[in-house]
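Throughout, protein chains are lettered first and strands after them, A, B, ... in sequence-line order, and every chain is numbered starting at 1.
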Amino acid sequence: MVKVRFSPAPTGSLHIGGARTALFNWLYARHHAADGGVFVLRIEDTDVARSREEWVVGIQDTLRWLGLDWDEGPYLQSERFDLYLDAAARLLAQGDAYECYCTEDEVKERNDAAVAAGRPPGYDGKCRGLTADERDALAAEGRPRTIRFRTPDEGLSSFTDLIRGEVRVEWSLIHDFVIVRSTGQPIFFLANAVDDLDMGITHVIRGEDLIDSTHRVLALRHALVGGSEVADDPKFAHLPLIVDAESRAKLSKRHGAVALEDFVTAGYLPEALTNYLALLGWAPADDGHEVMSASELVAEFDLDRVTHAAAGFDRDKLDWLNGEWIRRISLDDLVARVLLMAQTRFGADIDVEVVAQAVAIAQERAATLVQIVDQMAFLFVDDDEFAIADESWEKVVGTDRIAEILTAVIEHVESCDWTVDALALQPVTEALGIKFRKAAPAVYAAIEGFHRGLPLFDSMELLGRDRTLARLRAAKQRLG
RNA sequence: GCCCCCAUCGUCUAGUGGCCUAGGACGCCGCCCUUUCAAGGCGGUAACGGGGAUUCGAACUCCCCUGGGGGCACCA
């Protein structure tokens, strides 16, 4: 039996790290389809103040875009508060939890004092031994009340991580923690423990940043179950974190895109993203083949090949993989994906046939969808709005004998029969004694607006003779 | 400060005591192809953090150091 869950907090859009966690869960579930292989989506929105409906929706959209379909859910923890509060009441009755009347500020103050005195921070257990009368008195003062879980004072907490092996820590280092806020809302640890139990989760696959919280969740689970039914504990697998390849620091906006949505708009394919993300912290047994489809990944994925060290996110390799995937999907498929972007950018009325032809040429050379759209832009810009990019114009002006070249090319295009053969410009510049490779950037820029882009023949054909001529003349005129 | 985790080319990684004069991929460099640039083909550069120990033999096992990361909330 295999049942996993991806449980994001809807406090922002799905980012690279979350997507990788979701992917590994999904891969694991699908790989173990024969054993049930259920993938659950659970939204952990217990922090009502920070959670937002739009993120709940956005995360699902992104998961769908990635092709990660779930079998159960989405469950919203905000709709299951009763369950958690019942559990808290039981823990209270069992004596595994107690009511705490310390305010947030007081706890913080005592914490700071402890640190200043060289003692470790953490709740000091002040309210642990409160009598019923003392509690009533504190409540009568109108003090806020939280519920804290009572952790053992000594001994060792340990669990076996599928990736890291035995993980142990001293209980004395884990202080009593809040499981129900003063607002009456449950906290992550509680909801997490209750739900994993209730939903019968068998494997918890998540980021390494959560490894230390595992002890607390497990203690809660055991208290809830009554005794330590360790045999029924889910198996844990903590994935290495994804960091910025350059700085080795946690991935953040400073290092470029981190939200999956940004990669969508930047023109990456879900096939490439899942492929790349899978390779971050995992490698197939035969690491000679890296371009892998989702189904290949599913077939080969397993937790025992997950690496241990933090993985650096390398945009260059993603770009390469994306190009590989652009070349692998069918032309029709690629056209469909590019069309939407192109229409948004150039207008809904653009000629689909022209788009299709441009895509066909770009497919074998581009790295991203945006690059493809960029490269066809010259076809959809009105001639009176067409302008050569500054960067390219500088190159043009810097070209030797540029006026001569443009003049010769214009004359040639005017007099040729506008057939593929007649479009050959190489002899034109060579008649001037100039190698075409020297003259090329200027001609490209004049016609495509950029000194790098689609092949010249095709571009001229797609543009048509009149517009080609108009642009060449405009470039010559701009030279003065 | 305390606790935990981690450590092979710039990056992702293969490697589980001899097959390693350490393999692949991205990047980078060079060449080829070429109506610019790309794409593609071919080739090259480049790593076991340091010190002990175990062993006939260590990238692989153990210890220490160093370095990096994570955690210690009424966030998740």
Side-chain angles (χ1 to χ4, degrees), chain A residues 7-9 11 44-47 49-51 100 102-104 107-108 111 114-116 118-123 144-148 161 164 167-170 172-175 177-183 185 187-189 191-192 206-213 215 238 240-241 243 245-246 248-250 276 279-291 305 307-321 323 327 362-367 371 375 395 423-429 436-445 448 450-457:
Chain A
S7 45
T11 54
E44 308 222 320
D45 56 347
T46 50
D47 188 348
R50 293 202 308 156
S51 299
C100 172
C102 298
T103 67
E104 230 175 316
V107 171
K108 191 178 184 316
N111 251 332
V115 172
R119 283 176 287 125
Y123 185 66
R145 183 211 66 163
T146 62
I147 297 177
R148 278 183 194 274
D161 189 278
R164 278 151 223 284
V167 180
R168 54 185 71 199
V169 69
E170 302 226 16
S172 62
L173 266 9
I174 302 176
H175 301 93
F177 56 95
V178 173
I179 55 176
V180 177
R181 295 176 168 84
S182 56
T183 57
Q185 292 156 352
I187 263 179
F188 157 72
F189 299 107
N192 202 273
R206 30 137 64 157
E208 197 197 351
D209 51 335
L210 291 168
I211 197 163
D212 289 312
S213 75
H215 298 96
H238 288 94
L241 262 20
V243 298
E246 193 70 21
R248 303 312 294 179
K250 204 157 125 188
Y276 180 66
L279 260 18
L280 234 35
W282 176 83
D286 163 23
D287 76 336
H289 62 301
E290 297 200 300
V291 184
R305 293 193 59 80
T307 58
H308 295 193
F313 186 83
D314 179 14
R315 186 69 171 251
D316 284 336
K317 188 150 184 178
L318 206 212
D319 282 349
W320 167 73
L321 258 182
R327 257 140 254 148
Q363 179 169 30
E364 55 196 65
R365 34 194 300 121
Q371 224 174 71
Q375 291 184 348
K395 264 194 176 327
L423 292 180
L425 298 181
Q426 193 156 11
V428 177
T429 65
F436 186 76
R437 58 171 55 253
K438 290 284 181 193
V443 182
Y444 272 82
E448 302 188 42
F450 210 56
H451 66 277
R452 56 212 305 200
L454 263 21
L456 205 50
F457 266 170

Taking any heavy-atom pair under 4.0 Å as a contact, classify A/G281: base, sugar-phosphate, or nothing. sugar-phosphate
Measure from the side-chain heavy atoms of A/R327 and tell me the nearest of B/A14, B/A39, B/G24. B/A39
Select base, sugar-phosphate, or nothing to describe what A/S7 touches, counting heavy atoms under 4.0 Å on all strands. nothing
For B/A76, does either OP1 or OP2 sit under 4.0 Å from a side-chain N or O belonging to A/R181? yes
Can a donor-acceptor pair be found, under 3.5 Å and without considering hydrogens, that links the side chain of A/Y276 to the backbone of A/F313? no
Any strand, both distances under 3.5 Å, Watson-Crick or G-U wobble: B/U11 pairs with B/A25
Looking at the side chain of A/L241, which of B/C74, B/G69, B/C72 is the nearest nucleotide? B/G69
Under a 3.5 Å distance rule, please check whether A/E448 uses its side chain to pair with a backbone N or O of A/L454 as donor and acceptor. yes
Using a cut-off of strictly less than 4.0 Å, decide whether A/R148 has a side-chain nitrogen or oxygen near OP1 or OP2 of B/C74. yes
Within the 4.0 Å heavy-atom criterion, would you say A/R145 contacts the bases, only the backbone, or no part of the nucleic acid? nothing
So, is A/S182 near the phosphate of B/C74, with a side-chain N or O under 4.0 Å from OP1 or OP2? no
When you get a sec, tell me which of B/A7, B/A73, B/C74 is the closest nucleotide to the side chain of A/T146? B/C74
Please name the nucleotide paired to B/G17 by Watson-Crick or G-U wobble geometry with both distances under 3.5 Å, or report none. none
Closest approach to the side chain of A/L279, judged atom by atom: which nucleotide of B/C74, B/G23, B/C12 is it? B/C12
Which one, B/G68, B/U35, B/C37, comes nearest to the side chain of A/L456? B/U35
A/K395: salt bridge (Lys or Arg N to Asp or Glu O under 4.0 Å) partners, not counting sequence neighbours: none
Would you classify A/L318 as touching base, sugar-phosphate or nothing, given that sugar-phosphate means primed atoms plus P, OP1 and OP2, and contacts are heavy atoms under 4.0 Å? nothing
Quick check for you: among B/G70, B/A25, B/C37, whose closest atom lies nearest to any side-chain atom of A/K317? B/A25
Base, sugar-phosphate, or nothing: which does A/R50 touch, judged by heavy atoms less than 4.0 Å apart? base
Checking contacts here: which listed nucleotide (B/C5, B/G70, B/U13) is nearest the side-chain heavy atoms of A/A283? B/U13
Identify the nucleotide, in any strand shown, that forms a Watson-Crick or G-U wobble pair with B/C42, with both distances under 3.5 Å; if there is none, say none. B/G30
Strictly below 4.0 Å: does A/R168 bring a side-chain N or O up to OP1 or OP2 of B/C5? no
